Amino acid sequence: MIDPKSLLDDLTEPQRAAATHVDGPLLIIAGAGSGKTRVITRRVAYLVSQGIPAWSILAITFTNKAAGEMKERIGHVLGRQVRDFGRLDQPWPTVCTFHSLCLRILRHYSQQVGLGATFSIYDSSDQTKLIKEALKALDISSDNFSPATVHNAIGDAKNKLITPEQFAEGARDFFHKTVARVYTKYQALLKQNNALDFDDLLMRTVQAFRDVPNLLPELQDRYQYILIDEYQDTNHAQYLLAHALAMKHRNMCVVGDPDQSIYAWRGADLRNILEFERDYPDAEVVRLEQNYRSTKTILAIASQLIANNTHRKKKDLWTENADGDKAEVTFCQDEHDEAEVVMRRLTEFHAAGVPWGDMAIFYRMNSLSRVMEESLFRNKVPYVIARGTEFYNRKEIKDVLAYLRLIANPNDEVSLSRVVNVPTRGLGDASLKQIAAWGIGNQRTLFESLAVAAKIPGVSSRAGNAAVKFVELVKKWRELAGIRVGGTSDGTPLAPSSGTPGEGWGGGSVDAANSAEISNADSEDSQGNADGSNPHSNPPPEYLKRGPEAGGEIRVSDQASLFGDESEWDAAPLDEEESIADEPFAPSDEPFAPPDEPTVATEDSALSIPPSVIPPMPIGGVRNLMEEVVRSSGMEAHLRKTGDADLSELKNVEELITAAAEFDKEQPEGTLIDYLAQVSLVADVDHMGDGGGSVTLMTLHAAKGLEFPVVAIIGLEEGILPHSRSRDDIDQKEEERRLFFVGITRARQRLLITKAQVRTVRGLRERTIPSPFLRELPEDYLKVTDRAGLDDIDARGGYGGSASRDDHNAGKLGFKRGQMVRHPTFGLGRIDEMTDTGSGTRAVIQFNAAGRKTLILEYARLEKVG
DNA sequence: GACAATAAAGTTTTT
DNA sequence: CTTTATTGTC
């Protein structure tokens, strides 16, 4: 099996301490480049080697990519593949994102939670659509309440597990009171659509922990060893969720680095990691401070920068790596010059033998990539831009997926209205509105209304016929997908989702004993509950009761109040259709199959599987269904006719079909719902890969977790990095500094940093102010080049040349009307006009090539000619 | 119902 | 200066 010794051989002392910690809380502060992933992987393997059943291990990551990589690496160390069918009941370690975990839980317990098995999952654009609808329904002008703003406020509330009722209660001012109304309406709309948004996945799961008896205890016993990666990025909902799961066995291992927290704006709460030791006073703390990635120089720069953050635990990164070269800081003239500088330098590295794929360019915002791209393109430097969600955000892709979602969930009106007229079938907005209105008046869903649209008065016969035809089409597809027409489910038991039977997963006799015990406990529990009583009438377990702290800030250390005040929760019932849960809950005998006995849908177990209503898989797989949809919906023909000349849309759709075929192959038992679950929660799907032989361009945020031998960071200017929106907020400013820190620590060997003296932002060409962060870097480790002209002491950020302001000003005296001049960017020109203003002398110059420009003499690096 | 004109807004974005 | 979404017109 696994030899614990070989697992630990090549680890350092602190790494080993972390990897061999078994029981009890553990905090791993993992500095940048400290071998975090390696430690996590080894620890999982070590646990298994100690006889801990693999399926009782839960590792939570933030991205699917991270989960995939970790699965792969764990599998590698353990010598067997870690598979994942996206279900709760699987005999191997669970490695997934928070959202995926929640989805698994909600689907597994869908009956008890009061959700159908076929709810849709709304991404942020769906959310925005629905919020717009809510605003409209409430007759709120979007002038003062932009959907984006409201969207943010609601998302924020959900991250903090604040229900609409609580939100309304706490709303003091007009804005919050209005948002409260929208929030309430929005939730109602979600319910009506039988949909959850991303944030709901978390929130509903935490609610289910409180409201559904036995659910939490079952999960607690299932996942006895919990590991959370990137813990500094968890929000409040995730925090509660994880700690609720860990509460019983207290085997909670969190890994993170406060200095790399860059998602506070998205609800991440840095206190989660800073206060872990308060939550678990008995926690072991391991600090990984040795860096294996970067040169001493790069590390020194990063360290000195981050030391400027005040809200911070001190950490001393060190390395045995070489000193390395100085970082190159270049003050460029403008963004074009900047791009040239970077491009030329990268080209030089390439000529010296560095592969393109080893280099990356980071920037604060996507808009900065453009000029950079042009420069690379012009000079034939291969590059890729990492924009994760690009593919799945394409219209044609979203359309196809909307069709599939509609097939799975006809109540999903966001998807329905998205595709009902794609391609156009004579069913326009006006007709749709009429039909929808009729439906509201007659208590019919939109889909039901469409079915009888031909008989609705006022609806044109053309629209009516189109609607009926559309409904027929969807029904046909539903049949193809194995969903009984007219019914919501056919109750077919779900297929076994366990993988390769036989091979013991985390085997050993200890495991078998453990799992048997757990299985027994489970079935006892379930029988206790399966006596026909409504689970919801049971009082919640003792530990779920009790009072809240003020402001919804419930910390784990106050374990009794983890779930807040009961009455608070009562204000937020799960769903009115809780009556569904009247049916006794009969969980599987082996909801969490032990390794040697994978779940098999025998006659017996078919009964014991929770009565989930997951539709069987489409005949011929998802791929077949998708192809049929694309063909018979007319999408294919439409794209062929009206799409781009190169048929790129069609190619994208074909790519989606290929991916679906892949899914069919990997998960032969996978259903349409499984597929949708996967694509809903997967935005990037290794789509971008590793840059493969090209320079990688990406935002600083996207760079987290990656490393490159050569890194360039551009746009070190006030208002860009730090971003202007963080101007007056010290916490935000510190986050910007962390962002820069993350960027720097991605570099292994070489670091380039650039700043443009003039930059065109939103069409306005303006002088820039250097980023204050530049001044925080240790001069000794920098090689500063100033191409921008020595005209402004500030522009150098305190470094560089010796020319004084006086030198330069002296030169300006000789300018007057009619003078021929040369400008570094605009070339030759003649001064047409000069005016003295408070802020300096302006000259209107007619350039030969660049046209007429107004420049401030003091700043423009003009040279007299003739 | 399709297209063009116009207006508004424009950090970052793991799911 | 862009891109995107909504409006208005044919």
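Heavy-atom basis, side chains included; hydrogens, waters and symmetry copies ignored. Below, chain A is the first sequence line, B the second, and so on; all start at residue 1. Computed from a prediction, not measured in an experiment: that's the story for all the values here.
- Across B:dT13, B:dT11, B:dG1, the shortest atom-to-atom separation from the side chain of A:His723 is found for B:dT11.
- Atom CG in A:Asn152 sits roughly 11 Å away from atom C1' in B:dT13 (whole-Å rounding).
- Put simply, CG on A:Asp429 is 15 Å from P on B:dC3, counting in whole angstrom units.
- Comparing B:dT11 with C:dT6, their C1' atoms are spaced 24 Å from each other, to the whole Å.
- Straight-line distance from the CZ atom of A:Phe62 to the C1' atom of B:dT12: 16 Å, rounded to whole Å.
- Note on A:Glu736: a base of the nucleic acid sits closer than 4.0 angstrom, heavy atoms only.
- The P atoms of C:dA5 and B:dT12 are separated by 16 Å, rounded to the nearest whole Å.
- Checking B:dT12, C:dT6, C:dT3 against the side-chain heavy atoms of A:Arg370 singles out C:dT3 as nearest.
- Backbone-only contact: A:Leu427 has heavy atoms under 4.0 Å from sugar-phosphate atoms and none from a base.
- With rounding to whole Å, A:Asn159 atom CG is found 12 Å from B:dT13 atom C1'.
- As judged by a 4.0 angstrom heavy-atom cut-off over every strand, A:Tyr263 is placed among the base-contacting residues.
- One finds no salt bridge joining A:Asp259 and A:Arg738 here, because no Lys/Arg side-chain nitrogen approaches an Asp/Glu carboxylate oxygen to under 4.0 Å.
- With distances taken from any side-chain atom of A:Phe198 to the nucleotides B:dT11, B:dT15, B:dG1, the minimum falls on B:dT15.
- As a whole-Å value, the separation of A:Asp729 CG from B:dT12 C1' is 15 Å.
- Residue A:Asn366 places none of its side-chain N or O atoms closer than 4.0 Å to OP1 or OP2 of B:dT11.
- DNA chain B is contacted by both A:Thr699 and A:Ala430; A:Ala430 maps to the nucleotide lying nearer its 5′ end (nearest heavy atom per residue).
- Residue A:Lys132 places at least one side-chain N or O closer than 4.0 Å to OP1 or OP2 of C:dT6.
- What separates CD1 of A:Ile714 from C1' of B:dT12 is a distance of 15 Å, to the nearest Å.
- A:Arg725 has a side-chain polar atom (N or O) that falls below the 4.0 Å cut-off from OP1 or OP2 of B:dT11.
- Closest to the side chain of A:Thr424, from the set B:dA2, C:dA5, B:dT11, is B:dA2.
- Heavy atoms of A:Gly705 sit nowhere under 4.0 angstrom from any nucleic acid atom.
- Separating the CE atom of A:Met70 from the C1' atom of B:dT14 is a distance of 13 Å, rounded to the nearest angstrom.
- Checked against the 6.0 Å centroid threshold, A:Trp265 and A:His723 do not count as a close aromatic pair.
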Stepwise salt bridge (Lys or Arg N to Asp or Glu O under 4.0 Å) check, A:Lys129 with A:Asp123: CA-CA 10 Å; A:Lys129 245 184 219 158; A:Asp123 67 18; over 6 Å; no
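- In this structure, a donor-acceptor pair under 3.5 Å is absent between the side chains of A:Thr163 and A:Lys158.
- Using a 4.0 Å heavy-atom distance criterion, A:Asp233 is classed as a base contact.
- Remark: the A:Ser120 side chain and the A:Asn409 side chain contain an N/O donor-acceptor pair separated by less than 3.5 Å.
- Distances from the side chain of A:Trp265 to the nucleotides B:dG10, B:dT12, B:dT15 place B:dT12 closest.
- Note on A:Arg738: nothing from the nucleic acid sits closer than 4.0 angstrom, heavy atoms only.
- Applying the 3.5 Å distance criterion, the base of B:dT13 shares a donor-acceptor pair with the side chain of A:Arg266.
- The closest side-chain donor-acceptor pair between A:Lys132 and A:Gln127, if any, does not fall under 3.5 angstrom.
- Rounded to an integer number of Å, the gap from CD of A:Glu735 to P of B:dT13 is 13 Å.
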